[in-house]
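Worksheet: the structure to be examined is printed underneath.
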Amino acid sequence: MFPYPSGNIHMGHVRNYVIGDICARYHKLKGDEVIHPMGWDAFGLPAENAAIQFKTHPQDWTYQNIQNMKEQLKKLDLDIDWNREIATCSKDYYVHQQELFIELYNAGLAYKKDALVNWDPVDQTVLANEQVIDGKGWRTGAEVEKKKLSQWFFKITNYAEELLNGLDDLDLWPEKVKTMQKNWIGKSIGAEIKFEICENGNFLNIYTTRPDTIYGATFIAVSINHKIVSDNLDKDVIEDIKRNFASVNEAKEKLGVKLDIHCKHPILDKKIPVYIANFVLDTYGEGAIFGCPAHDERDFEFANKYSLPIIKVIECDDDELPYTGEGKVINSPLLNGLDKKDAIERVIKHFKKEGIGDKKVNYKLRDWGVSRQRYWGCPIPVIYYEDGSHRVLDKEELPVLLPYDVNLEGKGNALLKKEDWRKIICPKTKKVAFRETDTLDTFVDSSWYYMRFLNNKLGKPFDARQINELLPVDKYIGGIEHAILHLLYSRFFMKALRDIYGFKIDEPFKQLFTQGMITHKTYRTSDNQWVMPSEVVSKDGTLISVKTKEKIEEGPCEKMSKSKKNVIEPDEILSSYGIDATRIFMISDSPPDRELEWTDEGIQSSKNLIHRLERYFLRKKNIVDNNVNKNVEKFVFNIEKNILSFSLNKCVADIYTLFNYLEKTKTYLHNSDLSKKILTCIFPILPKLALSINKSLFDSNEFKHWPNVNANLLLEDKITLPIQIHGKLITTIDTKKGYSEEEIMESICKLDRVKNKIIDKKITKVINVQDKIINIITN
RNA sequence: GCGCCAGUGGCGGAAUGGUAGACGCGCUGGUCUUAGGAACCAGUGGGCAACCGUGGGGGUUCGAGUCCCUCCUGGCGCACCA
């Protein structure tokens, strides 16, 4: 995943890109065609905020950061093809994105509608859901308001079913990510039922997954934002109710307001009251439910509070109420005696016959709101006429360039104030028109960048032939924090563009690897001020601050973060430990998908290993051990296996194992062919070290091919066979593969440890797993 | 509350149902020295031993860290989703 150019690379980037680099270098040695690109997710709020804070321009700030971070990345010896570099804020990128927007619009996948959005009253902008934390703006801390605004949406819901089903085929994705996406899409199967409103004969739609409990329905509850509310109550009254609801949001206490209307029960001849309830979501289903207090916890709580009847319709004890489990239906003439599944089927059939309901599949997933009231983003290619109508531009009218010269002072979107940019004469109608001032969510930028990498200089977004040939991305590496947003949006884009451009590709990323975070101990003073690790020293067993000599408390290991000051700067590490030690430490202590704890001992021992390897190859050639070929062969085999399975921590163990063996047996390979093999295998992990040794031993500047593994050499002839009695290990015996059971049992029975165990016992059974283990069973 | 993942030495972690603890860190003892952010050698799950040991309890199996059931603990995600 490409980085956001925030200023400096951090250790998380280092780990991410080192893991990817090892894979890329390995596959190149295997002769595979490898595209290993890098780019910048360069639009977004932080640039604008920084620009205001430091009195610079978002573009200047961003490009300066890109330049800086590119230099830092280059120090990591990454085998990146910089010719493919893209920055999403460059017009060479976002202009093509405007074309995609037009295509999506023409395909009916982009549309405009009024919607309730998160509005930050301080920053005067809409915030994405993920930028709202506990109901407050992430940057301002201000209470976020719900505001109705006209917004652009992408119709991701059209693909809900396919996005869900497609997960089953992503067998190289972590289960966790797939589960998260599944939950986010949130498919449920239920029924939609029309309730007739007694007072006016209109209908109210509700969605339920439990139509089998319909006989237990004693009230209807709707969301405060439901249309029926504004039809029946004055604005001020609604505002009052909203305020009242907001006051108990945290406590989740059930609140309701009774409306002056009733619904007819769809089967029974009775009227049931309609409430506005604070626990009914306007964003799920129809924003309206029927309440069945006997078999739903929320309805039960609500019914008790407002003294509504509770009618039991699923068999259970009274003290079990609300009972939400399975059981036989009771008190329901049409459904009595049926189990849940049959009752649901039966009642839906009835509703269908009566024309008041049907089976309904519902998704939690909502359409993707892509409008942002911000300057630093991709302009949406739309214009508005003075009569309020709008027109999406034609491709020929592109590009809509983001103006550089804007006034970022003050609040709100700078584009709104940029009158000479906003106001145009529409070339088609010759009428006065105004450009759309909202820009696209940055997640749009990152939804298709992997396609642009295939040819970043093309005069159109991408070449369909190339997409078909090269996508999906074979290995995609990044943090799990993108599990839903970026990875779901990208999957949607792949499918939508497939349908528009006729690609044969359904999924953008074949294998997803989510690397773990890097953690570090935290330090704080007695008055709870965070302290940088580099400012802490140990003196006489206690930690003190270098600067103030204050006593320092050591806290738990946590994700590196600037706020807790427990960060290690890659630049400092690279200059004191070097690139090779830094790279190998990134994969040493933990499997790459788990947390890695940064420790001084860890990085130091990585550095020691690098020195050890350097020293080893300087030694005079001395090949004495006749197992050396076999051990090198095993090494090649294991490294390859472990790179392919992302078990990179085991690659490090493989290196130690090999060199422990070589040094133990005093086998020095110097410039032998075996050295070349070994160096080729460590090259993907430690390119600088491998190249420098390669230069001095072989006067060569490259590694050409990954060594072929000679499977015959891997076969062990001699084995140490474990001997068990009743499944417990007793001893081992050295033998050769292919021993005969009869002969070996004879020797085994002579072994003291075995003899003592089976003395005055009879062997009733011998389980011989040939060449693996022998288990002796006695009476 | 729902879902997912994970519990193995002092620590990070290895183990296609077949010798638990590879490899590293740390620690102990020793060697060497142009005193280093070294290097080298030996040792390092517990127990004097028989033996005991992979969160607890059951089960399947000749054999379980691994499979099944159940409980406990921790982490992550979602969360009034009807």
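Reminder, nothing fancy here: chain letters follow the sequence lines and each chain counts from 1. Only this structure's heavy atoms are used, side chains among them; waters, hydrogens and symmetry mates stay out.
Other residues, nucleotides and ligands contribute at most 12 non-hydrogen atoms within 6.0 Å of the NZ atom of A/Lys736.
A donor atom on one side chain and an acceptor atom on the other are not found under 3.5 Å apart for A/Ser747 and A/Tyr739.
Protein atom OH of A/Tyr363 is 18 Å distant from nucleotide atom C1' of B/rA82, rounded to whole Å. Atom-to-atom, CZ of A/Arg612 to C1' of B/rC23 comes out at 11 Å; the value is rounded to the nearest Å. Following rounding to the nearest Å, A/Leu613 (CG) and B/rA38 (P) show an atom-to-atom distance of 17 Å. Here B/rA49 presents its C1' atom at 12 Å from CZ of A/Arg753, a figure rounded to the nearest Å. In this structure, A/Gln181 atom CD and B/rG3 atom P are separated by 20 Å, rounded to whole Å. At whole-Å resolution of the value, CD1 in A/Ile730 and P in B/rC62 are 18 Å apart.
The pair A/Lys521-A/Glu558 does not count as a salt bridge, with every side-chain nitrogen at least 4.0 angstrom from each carboxylate oxygen. Salt-bridge annotation for A/Glu633 and A/Lys630: absent, with no side-chain N of the basic residue lying under 4.0 Å from a carboxylate O of the acidic one.
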Is there any protein nitrogen or oxygen under 3.5 Å from a nitrogen or oxygen in nucleotides 18-22 of chain B, and what are the pairs?
| unit_1 | atom_1 | unit_2 | atom_2 | d |
| --- | --- | --- | --- | --- |
| B/rG18 | N2 | A/Gln724 | OE1 | 3.2 |
| B/rU19 | O4 | A/Thr720 | O | 3.4 |

Atom pairs under 3.5 Å: protein N/O with N/O of nucleotides 30-37 of chain B:
| unit_1 | atom_1 | unit_2 | atom_2 | d |
| --- | --- | --- | --- | --- |
| B/rG37 | O2' | A/Gln604 | NE2 | 2.9 |
| B/rG37 | N2 | A/Tyr577 | OH | 2.2 |
| B/rG37 | N3 | A/Gln604 | OE1 | 3.4 |

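If you take atom P in B/rA82 and the same atom in B/rG75, they sit 27 Å apart, rounded to whole Å. When the P atom is used for both B/rG45 and B/rG1, the distance is 42 Å, rounded to whole Å.
Residue A/Lys187 is out of contact with every strand shown, counting any heavy-atom pair closer than 4.0 Å. Using a 4.0 Å heavy-atom distance criterion, A/Val280 is classed as a base contact.
In this model, the phosphate group of B/rG75 is not approached by any side-chain N or O of A/Lys559 to a distance below 4.0 Å at OP1 or OP2.
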Subject >> Canonical and wobble pairing (Watson-Crick, G-U, under 3.5 Å) of RNA chain B, dot-bracket with | >> reply: (((((((..(((.....[....)))((((((.......))))))((....))..(((((..]....))))))))))))....
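Using a 4.5 Å heavy-atom cutoff, the side chains of A/Glu481 and A/His486 are not in contact. Residues A/Tyr363 and A/Leu163 have side chains not in contact (no heavy-atom distance under 4.5 Å, counting atoms from C-beta outward). Considering only heavy atoms from C-beta on, A/His295 stays 4.5 Å or farther from A/Pro322 through its side chain.
A cation-pi arrangement, defined by a distance under 6.0 Å to the six-membered ring centre and an angle within 45 degrees of its axis, is present between A/Lys194 and A/Phe203. Cation-pi check for A/Lys254 over A/Phe302 is not met; the charged atom does not lie both under 6.0 angstrom from the ring centroid and within 45 degrees of its normal.
B/rG9 has its base syn relative to the sugar, with a glycosidic angle deviating from 0 by at most 90°.
Ring centroids of A/Trp598 and A/Phe585 are separated by less than 6.0 Å, placing the two rings close together.
A/Phe513 and A/Phe646 have parallel rings, their planes meeting at less than 30° on a 0 to 90° scale where 60° marks the start of perpendicular.
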